[in-house]
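By convention in this document, chain letters (A, B, ...) are assigned in the order of the sequence lines, proteins followed by strands, and residues within each chain are numbered from 1. This is a predicted model, so every value here is computed, not measured. Excluded from the calculations below are hydrogen atoms, water molecules and symmetry mates; all remaining heavy atoms, backbone and side chain alike, are included.
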Amino acid sequence: DTGVSQDPRHKITKRGQNVTFRCDPISEHNRLYWYRQTLGQGPEFLTYFQNEAQLEKSRLLSDRFSAERPKGSFSTLEIQRTEQGDSAMYLCASSLDVKIHNEQFFGPGTRLTVL
Amino acid sequence: DQQVKQNSPSLSVQEGRISILNCDYTNSMFDYFLWYKKYPAEGPTFLISISSIKDKNEDGRFTVFLNKSAKHLSLHIVPSQPGDSAVYFCAAEAGGTSYGKLTFGQGTILTVHP
């Protein structure tokens with residue numbers, strides 16, 4: 001499968017625990033995005049990378065959230081001291097930056113449940 | 001504030017008829033618009049897009065119309081098929097330093113009945 005993959009697909013954790021999600025983009029894609037989707041809403045932008053550089057972070061991304069893309073390939077999203085409000089689907093997308101607007105390809109998402 | 005709105009949470013259509021999904025936006029900086037389709041347990045899949053310099057874009061059974069003065073776009077699916085049943089998201093993108101950052105609507109659940 002040459003699409004965007006995310007791991008794990010589901011994560012259940014207790015409040016206060018740390019969690020880390022991984023995203024593997026399409027191999028030649030230089031842009032990688034993280035979005036969060038809650039029930040009944042569309043995806044909300046969290047952050048994105050151009051190669052290994054993190055270019056923008058949403059105000060939704062509190063200090064408990066950190067994202068990395070160390071070698072410009074896969075990315076991790078870590079949430080520290082999880083809260084029940086962090087329960088959501090976390091989506092990763094990637095694109096090849098060749099023109100002004102580029103199609104983003106989404107992974108299947110990681111569903112986080114915080115008890 | 002919801003900059004992209006899909007005011008119809010759901011739409012039910014008979015197979016073979018036209019499906020029309022609507023989307024409104026408020027941010028004048030948006031210059032590119034996209035529709036994504038999402039099946040359960042999968043990520044959104046790109047369907048069709050339109051630049052603000054156009055008012056119509058077609059791809060097979062799918063046509064997107066853009067009315068910039070009304071800040072409104074719509075997706076037409078003709079003819080509708082049962083396999084089109086999914087959640088449809090409208091998304092918008094601004095140019096300049098914000099390019100690549102998509103703002104999504106809440107989604108519309110389309111059900112096409114055989």
How long is the span from the [atom1] atom in [X] to the [atom2] atom in [Y], to the nearest 0.5 Å?
| X | Y | atom1 | atom2 | answer |
| --- | --- | --- | --- | --- |
| Phe105(A) | Thr45(B) | CZ | OG1 | 9.5 Å |
| Lys38(B) | Leu91(A) | NZ | CG | 7.0 Å |
| Lys101(B) | Leu46(A) | NZ | CG | 10.5 Å |

Do [X] and [Y] sit in the same hydrophobic cluster, where Ile, Leu, Val, Met, Phe, Trp and Tyr count as joined when their side-chain heavy atoms come under 4.5 Å apart?
| X | Y | result |
| --- | --- | --- |
| Phe49(A) | Leu77(A) | yes |
| Leu66(B) | Leu21(B) | yes |
| Leu73(B) | Leu11(B) | yes |
| Tyr25(B) | Leu34(B) | no |
| Leu60(A) | Phe65(A) | yes |

With distance as the sole test, does Glu103(A) use its side chain to make a donor-acceptor pair with the main-chain N or O of Phe46(B) at under 3.5 Å?
->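 No.
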
Any donor and acceptor pair, going by atom type alone, linking the side chain of Tyr36(B) with main-chain N or O of Gln104(A) inside 3.5 Å?
->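 Judged by distance alone, yes, a pair lies under 3.5 Å.
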
Is there a side-chain contact (heavy atoms from CB on, under 4.5 Å) between Phe106(A) and Glu42(B) once you walk through the steps?
-> CA-CA 9 Å; Phe106(A) 281 81; Glu42(B) 295 182 12; over 6 Å; no

Looking at Pro108(A) and Ala41(B), what are the two nearest heavy atoms and their distance?
->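 Nearest pair, atom of Pro108(A) first, then Ala41(B): CB-O, 4.3 Å.
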
Please check if atom [atom1] in [X] has more than 12 non-hydrogen atoms from other residues, nucleotides or ligands closer than 6.0 Å.
| X | atom1 | answer |
| --- | --- | --- |
| Leu39(A) | CG | no |
| Arg17(B) | CZ | no |
| Ile12(A) | CD1 | no |

Heavy-atom check, side chain of Gln37(A) versus side chain of Phe89(B), under 4.5 Å |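 Touching, per the 4.5 Å side-chain cut-off.
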
Under a 4.5 Å cut-off applied to non-hydrogen side-chain atoms, are Phe104(B) and Phe45(A) in contact?
->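 No, their side chains stay 4.5 Å or more apart.
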
Side chain, backbone, both or neither of Gln6(B) within contact of chain A (heavy atoms, under 4.5 Å) =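 Neither part, no heavy atoms under 4.5 Å.
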
Let me know if Arg9(A) has heavy atoms under 4.5 Å from chain B in its side chain, its backbone, both or neither.
->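 Arg9(A) touches chain B through side-chain heavy atoms alone.
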
Residue selection (most heavy-atom pairs with chain B, distance under 4.5 Å) from Gln41(A), Arg31(A), Gln50(A), Gln6(A) =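 Greatest number of close heavy-atom pairs with chain B: Arg31(A).
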
